[in-house]
Amino acid sequence: MSIVIKNTLTGKKEKFVPLEEGKVKMYVCGVTVYDDIHMGHARSMIVFDTIVRYLRYRGYDVVHHTNFTDVDDKIINRAAEEGIDALELSARYIRHYFEDAEKLGINKADYYPKASEEMPAIIKMVEEIIDSGFGYVTEDGSVYFSVDKVKDYGRLTNQKIEDMESSGRVVLDGNKKNPMDFAIWKSAKPGEISWKSPWGEGRPGWHIECSAMIREHLGDEIDIHGGGNDLVFPHHENEILQTEAVTGKPLSKYWMHNGMLQVQGEKMSKSMGNFFRVRDVAEKYDKHAIRFYFLNTHYTSPLLYSEEMLEDAKNSLERLVNNYTDLGAYMKQGPDGGEDVSDAVEKYRENFIAAMDDDFNTRAAIEVLFQLARTTNKSMAEKTLSKEGAGIYVSLLDEFNRVLGIYPEISDDDGTLDSVMEILIDLRAELRERKAYDLSDLIRDRLGEAGIRLEDSGDGAKWKRI
RNA sequence: GUCGGGAUAACACAGAGGCUAUGUGGCGGACUGCAGAUCCGCAUACGGGAGUUCAAAUCUCCCUCCCGACCCCA
């Protein structure tokens, strides 16, 4: 059994074999930090966060880098509007990014390279591209990549240059020799943020930073390169060209792309103006519901965004969380002995791994959780489950949760609250015994207002924080 | 135009030749003083048309419609 990954490069699912056994070098394209991140970015972040978590769960030693594009036209323009320095603006949104990432339960990447801090590596790479004959310098001090020199352009896109030009949208501008040529170094306009280079003051083109930063920090070849599928062309295509022009080696063995989030049938994007900021959504939905919403679909599929969808995810997840907290409570109160759960547990683990091994099918993995919930709910109701068995299930769910991050962390038991609740529950039992339902219901209602949900059942009451 | 991905019950979303998909919502039952949770059951499916096959939601071909990429994008 091994992991299978849908590789954009070949369009097929391929067995995952890293360059170096047991190790995974992974680079995921991050965001251009000129504004707050939206739910579309959140999807990509959660998807790749989960993939990293799973690879680690499967025993791989993963190095994961995600970049920030902190120098680009939009940042420069936005900063000019606000009358501040470009890097001051990008620093602000990088800060926001981390605040938002935390609200999504994202584990930190090992390193976050920023274009502005990688100039020596970027300039070096541009020089190497020129030296290899793939780059040319223009009169104004810009440097372009020459696609004419490339043998098999369009590998990732599976397209020919001629076909793309027929779109009529690609135009020959400036000093380009071929309309498909792209800037790897842009000369600075007066007043713009710039760095010194052999070609004069300027800044990097969009695609070069990723190529340069990968090479600088991860090496010539990596295992997995990820990002949204809107980056396939031209961004990733061009990254491949740049890197291979210099190293002669494939940039990444596997290319993974997540599907777009759609709002009313259209892609969510800044330019469409139909986006929802993570920080706004996170006001109303917690990270577990948001993660569940995203992971309840395969990462490559398009996904509809609406508040109803989030509401739906929240309700669905509640079923799983109820099961999880019930198992937690049963662990303390359930009977000893009971049937052996080890076979069942092993089966669930196998199914979970089989689902995730198949191109990280989180949706199928979640179905395993629902199956587990149904059968354990039943065995708890029938008292055929032992407290030990419940404990084993809880650890199993904790294990799965290290990958998915959808169950809430059980807050440290406050012993005081436990005893207070015990008193209240006993008191209510007494009241109910005397059929003083008005009082017992009042207690339950008031607890609800205080954020504690009390549920009566045949053998005592259960409570949990909500 | 070229290339890619889709169309599955009320909704969302898996599956990929035969095996009860799953969840939310709906309806009906069990449990219950009530509420909630939980369990059991029910209903509504694989865009259309041909074909291959003993057997097709799944494979092949054709058609219709949707989304994305080709300027910026996760």
Side-chain angles (χ1 to χ4, degrees), chain A residues 8 11 28-32 34 37-48 66 69 72-74 154 156-171 173 180 206 226-235 237 257-262 265-272 275 292-293 296-298 300-304 306 308-309 311-320 322-323 325-326 355 358 361-371 373-382 432 435-438 440-441 444-445 448 453-458 461-462 464:
Chain A
T8 310
V28 179
C29 278
V31 294
T32 302
Y34 70 103
I37 56 168
H38 64 241
M39 291 300 279
H41 301 116
R43 180 175 194 193
S44 190
M45 288 159 72
I46 287 172
V47 159
F48 286 103
T66 285
T69 299
D72 107 310
D73 289 342
K74 277 182 287 207
L156 200 57
T157 336
N158 192 25
Q159 284 204 87
K160 299 190 186 78
I161 301 185
E162 308 86 77
D163 294 334
M164 283 185 272
E165 287 180 53
S166 73
S167 74
R169 295 161 79 181
V170 181
V171 285
D173 74 329
M180 295 305 288
W206 178 34
N229 69 12
D230 52 350
L231 297 181
V232 174
F233 188 91
H235 186 54
E237 191 74 47
H257 293 98
N258 65 275
M260 291 296 105
L261 199 56
Q262 300 181 352
E266 282 183 323
K267 173 182 161 185
M268 179 183 292
S269 68
K270 289 277 166 62
S271 45
M272 298 292 298
F275 61 90
F292 181 91
Y293 160 66
N296 201 209
T297 302
H298 187 73
T300 55
S301 304
L303 173 61
L304 302 175
S306 71
E308 289 74 27
M309 296 291 99
E311 202 58 42
D312 206 60
K314 190 176 134 189
N315 291 341
S316 300
L317 178 61
E318 201 177 338
R319 178 171 165 78
L320 292 180
N322 282 341
N323 172 250
T325 51
D326 285 353
D358 182 13
N361 194 336
T362 51
R363 171 56 214 248
I366 284 172
E367 290 200 19
V368 176
L369 302 183
F370 278 109
Q371 277 164 23
R374 184 154 30 82
T375 53
T376 54
N377 277 339
K378 204 189 285 193
S379 62
M380 281 191 282
E382 291 167 354
R432 292 173 71 216
K435 302 217 186 304
Y437 295 124
D438 50 342
S440 66
D441 288 355
R444 188 171 62 197
D445 291 347
R453 181 149 76 207
L454 198 71
E455 292 171 2
D456 293 315
S457 70
K462 290 185 300 191
K464 67 180 114 183

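We use all heavy atoms of the structure for the numbers below, so side chains are in, but hydrogens, waters and symmetry mates are not. Per chain, numbering begins at 1; letters A, B, ... match sequence-line order. Nothing here was measured: the structure is a model prediction, and the numbers come from that model.
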Sticking with atom [atom1], work out how far [N] lies from [M], rounded to a whole angstrom.
N	M	atom1	result
rG1(B)	rU8(B)	C1'	31 Å
rU52(B)	rC13(B)	P	35 Å
rG6(B)	rG15(B)	P	10 Å
rG41(B)	rG5(B)	P	39 Å
rA7(B)	rA37(B)	C1'	37 Å

Which whole-number value in Å describes the distance from [X] [atom1] to [N] [atom2]?
X	N	atom1	atom2	value
N322(A)	rG36(B)	CG	P	13 Å
R363(A)	rG23(B)	CZ	C1'	6 Å
F292(A)	rA14(B)	CZ	P	12 Å
E318(A)	rA37(B)	CD	P	7 Å

Base of [N] paired with side chain of [X] (donor-acceptor, under 3.5 Å):
X	N	result
D72(A)	rC72(B)	no
R444(A)	rC34(B)	yes
N361(A)	rG15(B)	no

Go through the steps for R363(A) and E367(A) under the test salt bridge (Lys or Arg N to Asp or Glu O under 4.0 Å), then give the verdict.
CA-CA 7 Å; R363(A) 171 56 214 248; E367(A) 290 200 19; 3.3 Å; yes
5'-most by nearest nucleotide on RNA chain B - Y437(A) or G228(A)
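Nearer the 5' end of the strand: Y437(A).
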